[in-house]
Peer 1: 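I have a structure I would like to understand better, so I am pasting it below and will then ask my questions one at a time.
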Protein chains: 2
Amino acid sequence: MREEHAAGKPLTATVEERIIQIIKEGDLQPGDRLENEHDLARRLGVGRGTVREAIKGLVSRNVLTVRQGSGTFVSHRHGVPNDPLGLTLLKQDRQLALELLEVRLILEPEIAALAATRATDGDLRRIVSQCDRVEKLILAEEEYQQEDVEFHRRIAQASRNRVTSTLVPVIHSSSSLNIDLTHNELRENTVRYHRALAEALRRRDPLGARYAMVQHLAENRRYILAPGPGDK
Amino acid sequence: MREEHAAGKPLTATVEERIIQIIKEGDLQPGDRLENEHDLARRLGVGRGTVREAIKGLVSRNVLTVRQGSGTFVSHRHGVPNDPLGLTLLKQDRQLALELLEVRLILEPEIAALAATRATDGDLRRIVSQCDRVEKLILAEEEYQQEDVEFHRRIAQASRNRVTSTLVPVIHSSSSLNIDLTHNELRENTVRYHRALAEALRRRDPLGARYAMVQHLAENRRYILAPGPGDK
């Protein structure tokens with residue numbers, strides 16, 4: 001397409017794909033180092049400028065990360081872009097928070113049920129220790145947003161589906177409002193239902209896990225729809 | 001962070017966010033033209049080179065699109081990146097196709113049920129006409145993959161949730177295999193269940209819509225798990 005040509009894309013795009021190929025064929029893991037520009041340019045038969053452009057592109061796609069002075073590495077972000085659903089273009093209002101929560105209510109109870117049947121012992125340990133961590137932060141009245149996302153991400157990871165493990169943190173992080181609203185009375189609900197979730201998962205009880213998640217998210221929804229008198 | 005500095009990010013990133021702000025505040029719609037580089041540079045108090053870099057960044061994020069000789073426009077891609085879930089880094093095998101289908105089986109029946117209660121008359125007309133289009137292609141033994149995705153996208157759109165409308169096409173397009181396998185006997189299942197879906201939606205029957213979707217996707221799953229003797 002002409003518009004892509006204008007942005008100088010085709011060759012760079014091809015080189016990006018070939019570098020991805022190299023990562024996959026070499027089974028490079030997050031944190032592994034990529035060979036240097038010079039070697040890549042020679043191997044791919046293109047100029048170093050093109051390799052540099054392609055690397056820039058892959059950095060912005062979170063496939064690679066550059067550490068000044070030490071080289072180029074496979075990113076821990078697994079190529080998941082910063083705003084995968086294009087939500088920065090939408091107004092961050094209550095309506096968007098509700099739509100995100102609606103998607104969470106569809107996805108996460110089923111994910112929790114799958115996790116109850118598929119989690120490894122290691123998964124369960126990681127979920128329980130994350131549950132402890134969030135609880136401690138909440139009781140100390142500290143900021144717990146990121147650790148909350150991590151708790152839900154670990155459950156998704158225990159569902160042993162690579163798509164849900166990516167989706168869950170994406171949806172959680174998509175609205176600042178989503179979390180800003182989770183204050184006050186919701187803190188105690190979070191403590192209660194996170195614990196119920198962790199316990200259900202630990203006894204490998206799919207229905208228990210599913211409905212603990214439903215209760216947890218339904219509380220959030222009720223709260224967003226009608227904040228109580230004590231909340232600001 | 002140092003690594004971001006190395007890639008020359010901070011200022012460009014700020015300018016990207018400010019251009020997004022301009023799009024939102026001006027309520028610019030896909031296809032609308034952005035003011036030119038010169039005016040943007042003056043308005044934002046930065047050099048044209050920086051504006052050019054930021055525009056390049058927004059083009060690669062599918063927020064903007066450049067048409068050679070006629071200017072910069074808001075993209076119809078709504079800022080949804082090309083590989084939102086970073087799946088190009090995963091091996092495109094049967095396992096990934098199953099994981100994607102698992103997510104579709106969780107999401108799409110509920111989306112169909114919501115669509116049955118929320119669809120506008122216009123939504124329903126667009127769904128039925130798309131159902132006709134896919135059916136015609138299948139009966140003519142033509143390629144129907146893209147139109148199939150569009151059918152599912154229209155149902156998601158009718159659920160009146162902006163997150164599901166983005167997610168559904170993303171998940172559908174995430175695996176080539178996902179669709180490559182949908183051949184032969186599955187063509188007739190697609191005809192049958194797409195029609196059942198369209199009919200259930202038209203009579204605003206949430207359970208009918210939900211279970212037509214379950215049947216449709218469960219057939220796909222069965223097929224991927226155990227291809228019949230007549231299929232290659």
Side-chain angles (χ1 to χ4, degrees), chain A residues 2-9 17 20 23-24 55-57 59-63 65-69 73-74 77-91 95-96 98-100 102-111 114 159-164 166-167 170-171 174-175, chain B residues 2-9 17 20 23-24 55-57 59-63 65-69 73-74 77-91 95-96 98-100 102-111 114 159-164 166-167 170-171 174-175:
Chain A
R2 154 124 18 114
E3 43 186 278
E4 295 202 339
H5 244 303
K9 248 192 176 175
E17 291 323 302
I20 286 176
I23 295 171
K24 286 164 82 168
I55 288 177
K56 244 182 165 176
V59 166
S60 75
R61 286 167 64 187
N62 292 330
V63 171
T65 182
V66 172
R67 270 183 247 141
Q68 196 68 326
F73 300 82
V74 176
R77 306 279 303 276
H78 296 278
V80 178
N82 293 330
D83 177 28
L85 303 179
L87 299 179
T88 29
L89 286 178
L90 302 177
K91 216 166 115 207
Q95 181 55 34
L96 181 59
L98 283 170
E99 290 172 28
L100 284 162
E102 188 164 281
V103 175
R104 291 185 59 191
L105 263 161
I106 295 174
L107 270 177
E108 292 196 62
E110 298 315 305
I111 289 172
L114 288 174
S159 79
R160 298 282 144 202
N161 178 313
R162 291 164 293 176
V163 184
T164 63
T166 304
L167 264 182
V170 159
I171 294 171
S174 287
S175 166
Chain B
R2 154 123 17 112
E3 43 184 280
E4 296 203 342
H5 244 303
K9 248 192 175 174
E17 291 324 302
I20 285 177
I23 295 171
K24 286 163 82 167
I55 288 177
K56 243 183 166 174
V59 166
S60 75
R61 285 168 64 187
N62 291 331
V63 170
T65 181
V66 172
R67 271 182 247 140
Q68 195 69 325
F73 300 82
V74 176
R77 306 279 303 276
H78 296 278
V80 177
N82 293 330
D83 177 27
L85 303 179
L87 298 180
T88 28
L89 285 179
L90 302 178
K91 216 167 114 207
Q95 182 54 35
L96 181 59
L98 283 171
E99 290 173 27
L100 284 163
E102 188 164 282
V103 175
R104 291 186 58 192
L105 264 162
I106 295 173
L107 271 177
E108 292 196 60
E110 298 315 306
I111 289 173
L114 289 174
S159 78
R160 298 281 145 206
N161 179 311
R162 290 164 294 176
V163 184
T164 63
T166 305
L167 265 183
V170 159
I171 294 171
S174 286
S175 166

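For clarity, every value in this text was computed on a predicted model and none was experimentally measured. A, B, ... follow the sequence lines: proteins, then strands. Residue 1 opens every chain. Every heavy atom of this structure was used, including side-chain atoms; hydrogens, water molecules and symmetry mates were not.
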Peer 1: If you round to the nearest 0.5 Å, how far is OG1 of A:Thr164 from CD of B:Glu102?
Peer 2: 7.5 Å
Peer 1: Would you mind reporting whether B:Gln95 and A:Arg162 have side-chain heavy atoms less than 4.5 Å apart?
Peer 2: yes
Peer 1: Looking only at non-hydrogen atoms, find the nearest pair between B:Thr88 and A:Ile20 and report the distance.
Peer 2: O-CG2, 4.0 Å
Peer 1: Working to the nearest 0.5 Å, report the span between CG of B:Leu105 and CD of A:Glu110.
Peer 2: 10.5 Å
Peer 1: Looking at every heavy atom in both B:Pro84 and A:Val80, which two are closest together, and how far apart are they?
Peer 2: O-CG1, 3.7 Å
Peer 1: Measure the shortest side-chain to side-chain distance between B:Ile106 and A:Leu114 over non-hydrogen atoms and say whether it is less than 4.5 angstrom.
Peer 2: yes
Peer 1: Which answer fits A:Arg77, side chain, backbone, both or neither, if we ask what part of it has an atom under 4.5 Å from a heavy atom of chain B?
Peer 2: neither
Peer 1: Do B:Leu167 and A:Ile171 come within less than 4.5 Å of each other through their side chains, counting heavy atoms only?
Peer 2: yes
Peer 1: Are the side chain of A:Lys24 and the backbone of B:Leu89 linked by a donor-acceptor contact shorter than 3.5 Å?
Peer 2: no
Peer 1: Just so I understand: if I count every heavy-atom pair under 4.5 Å between each of A:Leu90, A:Ile23, A:Val63 and chain B, which residue has the most?
Peer 2: A:Leu90
Peer 1: Please identify, among A:Ile111, A:Leu107, A:Ile55, A:Leu98, the residue contributing the most non-hydrogen atom pairs under 4.5 Å to chain B.
Peer 2: A:Leu107
Peer 1: Which answer fits A:Thr166, side chain, backbone, both or neither, if we ask what part of it has an atom under 4.5 Å from a heavy atom of chain B?
Peer 2: side chain
